[in-house]
Novice: 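Structure incoming, see below.
If you read the sequence from its start, that first residue is 1, and numbering goes on from there.
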Amino acid sequence: MQETPFCLIVGHLLPYSMSDSNTTHFTNPSTFILLGISGLEAAHVWISIPFCTMYTIAILGNFTILFVVKRERSLHAPMSYFLCMLAVTDLVLPTSMLPKMLSIFWFNSREIGFSACLTQMYFIHSFLVMESGILAAMGFDRYVAICHPLRHSTILTNPMVAKIGLAVVLRGGMLTLPYLLLVRQWPYCETNIIPDTYCAHIAVVKLACADTRISSYYGLFVLFCVKGLDMFFVALSYTQILRAIFRLPTKDARLKTFGTCISHLCAILTFYVPSLFSSLTYRFGQNVALHFHVLIGNLNILVPPMLNPIIYGVRTKQVRDRLLQLFIHKDI
């Protein structure tokens, strides 16, 4: 007797084609099943290689940033403190997702407990909100440094930086908490299969057998009123920065001043472009292939943590010089 492929066995259970009849309702399933990248199961091992490489670079790069800032006293400044917050966020984000993803790819370990799924969801979404807030705070730092250079040290004092950091953390934690409370209250049907590599909020909500519009609306609220506002404040900061730059007397002065913003602009583009694309296609891109959704979502979590330490390591003179000193001393 020919064995039916696993993807065909579970295909009729997926929420996109699930029948309303003959389904069993239960409030909290004991486990969920993560399918990985549906349609690309044969390539899971090969896909894990670049993902592992990106994760390794992210871990080494962000720990290096933290080490260099701690050792180099000239980097004990507001921008470097924000950079350390970004590095910590970029360590937690991929670590929340990659171990379970690799267990799916390498060992076909697809089960994840309900509480573990909610914990993973909380960490991923809260730290994504935190990263957005940190980038907005770094934009404010650039605005003060360029538009009010003489007042920079009095405006962005260490206590003020600590308060901004605390506000960013509390905002991320509090705004993500309703995700868990809403997901926990929905009744779930017979299927507990998530066609993804991690417990994304919208993917879990789609399994519920109830009117989940409040979850969808709240997710859009977080997307537009959090990331949208952060992007607005960043754009406002750079509008003022560009006005100040164009008032400088020489071209060299304008280029040198704008050069101090290049790292931050690259980090913003690296984070916001794939993040918005992933969120919008997941909600509105019904005609987009499922494996494309999953790949974009994974890259959204892995690429910024990998690129941020490279961007700041190359573009920030103090970080670059300190790294060169370390390698030169080792060679000697």
Side-chain angles (χ1 to χ4, degrees), residues 62 65-66 68-90 128-172 175 224-273 275 304 307-322:
N62 286 292
I65 291 290
L66 293 172
V68 169
V69 172
K70 184 178 185 299
R71 292 288 297 271
E72 187 61 47
R73 294 189 63 85
S74 64
L75 289 172
H76 293 183
M79 190 62 175
S80 298
Y81 295 146
F82 289 133
L83 182 56
C84 287
M85 296 178 200
L86 187 67
V88 171
T89 303
D90 286 341
L128 283 172
V129 174
M130 288 178 205
E131 180 145 351
S132 178
I134 293 168
L135 290 173
M138 294 171 88
F140 177 68
D141 173 83
R142 290 298 83 208
Y143 160 73
V144 176
I146 292 172
C147 298
H148 305 283
L150 298 179
R151 299 173 56 199
H152 184 262
S153 60
T154 57
I155 294 175
L156 282 172
T157 60
N158 287 347
M160 178 57 69
V161 172
K163 289 176 183 177
I164 293 173
L166 180 61
V168 166
V169 171
L170 289 177
R171 186 186 72 155
L175 286 175
F224 289 110
C225 292
V226 175
K227 292 183 180 178
L229 279 178
D230 288 344
M231 292 175 66
F232 171 76
F233 286 124
V234 168
L236 190 63
S237 297
Y238 274 96
T239 300
Q240 299 301 316
I241 287 171
L242 290 174
R243 289 178 61 186
I245 287 174
F246 287 130
R247 286 199 296 263
L248 293 174
T250 65
K251 181 180 178 180
D252 288 343
R254 289 193 290 268
L255 290 175
K256 184 177 180 181
T257 304
F258 185 71
T260 63
C261 303
I262 294 296
S263 298
H264 183 240
L265 286 171
C266 291
I268 286 172
L269 292 174
T270 301
F271 176 75
Y272 282 117
V273 172
S275 178
L307 291 182
N308 285 338
I310 296 173
I311 292 168
Y312 279 97
V314 171
R315 292 293 311 178
T316 306
K317 185 178 185 300
Q318 295 96 322
V319 175
R320 186 173 66 246
D321 291 346
R322 181 66 181 177

Novice: Go through the steps to decide whether Lys227 and Phe232 satisfy the test side chain to side chain contact (heavy atoms under 4.5 Å, CB included), and finish with yes or no.
Specialist: CA-CA 8 Å; Lys227 292 183 180 178; Phe232 171 76; over 6 Å; no

Novice: Do you see a donor-acceptor pair shorter than 3.5 Å between the side chains of His76 and Tyr81?
Specialist: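 No pair is found: no donor N or O on one side chain lies under 3.5 Å from an acceptor on the other.
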
Novice: Under 3.5 Å, which donor-acceptor pairs do the side chains of residues 151-161 form with other protein atoms, sequence neighbours left out?
Specialist:
residue: His152; atom: NE2; partner: Asp141; partner atom: OD1; Å: 3.0
residue: Thr154; atom: OG1; partner: Arg151; partner atom: O; Å: 2.8
residue: Thr157; atom: OG1; partner: Met160; partner atom: N; Å: 3.4

Novice: Can you tell me how far OG1 of Thr250 sits from NZ of Lys256, rounded to the nearest 0.5 angstrom?
Specialist: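 One gets 10.0 Å once the value is rounded to the nearest 0.5 Å.
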
Novice: Just one of Leu242, Ile146, Ile268 clears the side chain to side chain contact (heavy atoms under 4.5 Å, CB included) bar with Cys261, so which one?
Specialist: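 Result: among Leu242, Ile146, Ile268, Ile146 is the only option passing the side chain to side chain contact (heavy atoms under 4.5 Å, CB included) with Cys261.
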
Novice: If you round to the nearest 0.5 Å, how far is CD1 of Ile65 from CD1 of Ile310?
Specialist: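 Spacing of CD1 (Ile310) from CD1 (Ile65) equals 10.0 Å.
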
Novice: Which atoms form the tightest heavy-atom contact between Ala267 and Asn308, and what is the distance?
Specialist: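 It is CB-OD1, 3.5 Å.
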
Novice: As an exercise, state the distance from CD of Glu131 to OG1 of Thr89, rounded to the nearest 0.5 Å.
Specialist: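 Going from the CD atom of Glu131 to the OG1 atom of Thr89 covers 6.0 Å.
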
Novice: Could you go step by step and tell me if Met85 and Met138 meet the side chain to side chain contact (heavy atoms under 4.5 Å, CB included) rule?
Specialist: CA-CA 10 Å; Met85 296 178 200; Met138 294 171 88; over 6 Å; no

Novice: Got a sec, which pairs hit side chain to side chain donor-acceptor pair (under 3.5 Å) with one end in residues 228-245, sequence neighbours left out?
Specialist: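 Side chain to side chain donor-acceptor pair (under 3.5 Å) check on residues 228-245 returns Ser132-Asp230, Arg171-Asp230, Tyr238-His264.
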
Novice: Would you find a donor on one side and an acceptor on the other, under 3.5 Å apart, between the side chain of Thr260 and the backbone of Thr257?
Specialist: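 Yes, Thr260 side chain to Thr257 backbone: donor-acceptor pair under 3.5 Å.
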
Novice: Closest approach of Gly139 and Ile241, non-hydrogen atoms and distance?
Specialist: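 The pair with the smallest heavy-atom distance is O-CD1, 4.5 Å.
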
Novice: If we check side chain to side chain contact (heavy atoms under 4.5 Å, CB included) with Leu135, which of these qualifies: Val234, Val168, Thr270, Leu86?
Specialist: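 Of the listed options, the one satisfying the test is Leu86.
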
Novice: How long is the span from the OH atom in Tyr312 to the CG atom in Asn62, to the nearest 0.5 Å?
Specialist: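 The CG atom of Asn62 is 11.5 Å from OH of Tyr312, to the nearest 0.5 Å.
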
Novice: Decide if atom CZ of Phe258 counts as having more than 12 heavy atoms of other residues, nucleotides or ligands within a radius under 6.0 Å.
Specialist: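 12 or below, so no.
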
Novice: Take Leu128 and Phe271 through the test side chain to side chain contact (heavy atoms under 4.5 Å, CB included) and record every step on the way to the result.
Specialist: CA-CA 9 Å; Leu128 283 172; Phe271 176 75; 3.9 Å; yes

Novice: State, to 0.1 Å, how close Ala137 and Ile164 come at their nearest heavy-atom pair, and which atoms those are.
Specialist: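 The answer is CB-CG2, 3.7 Å.
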
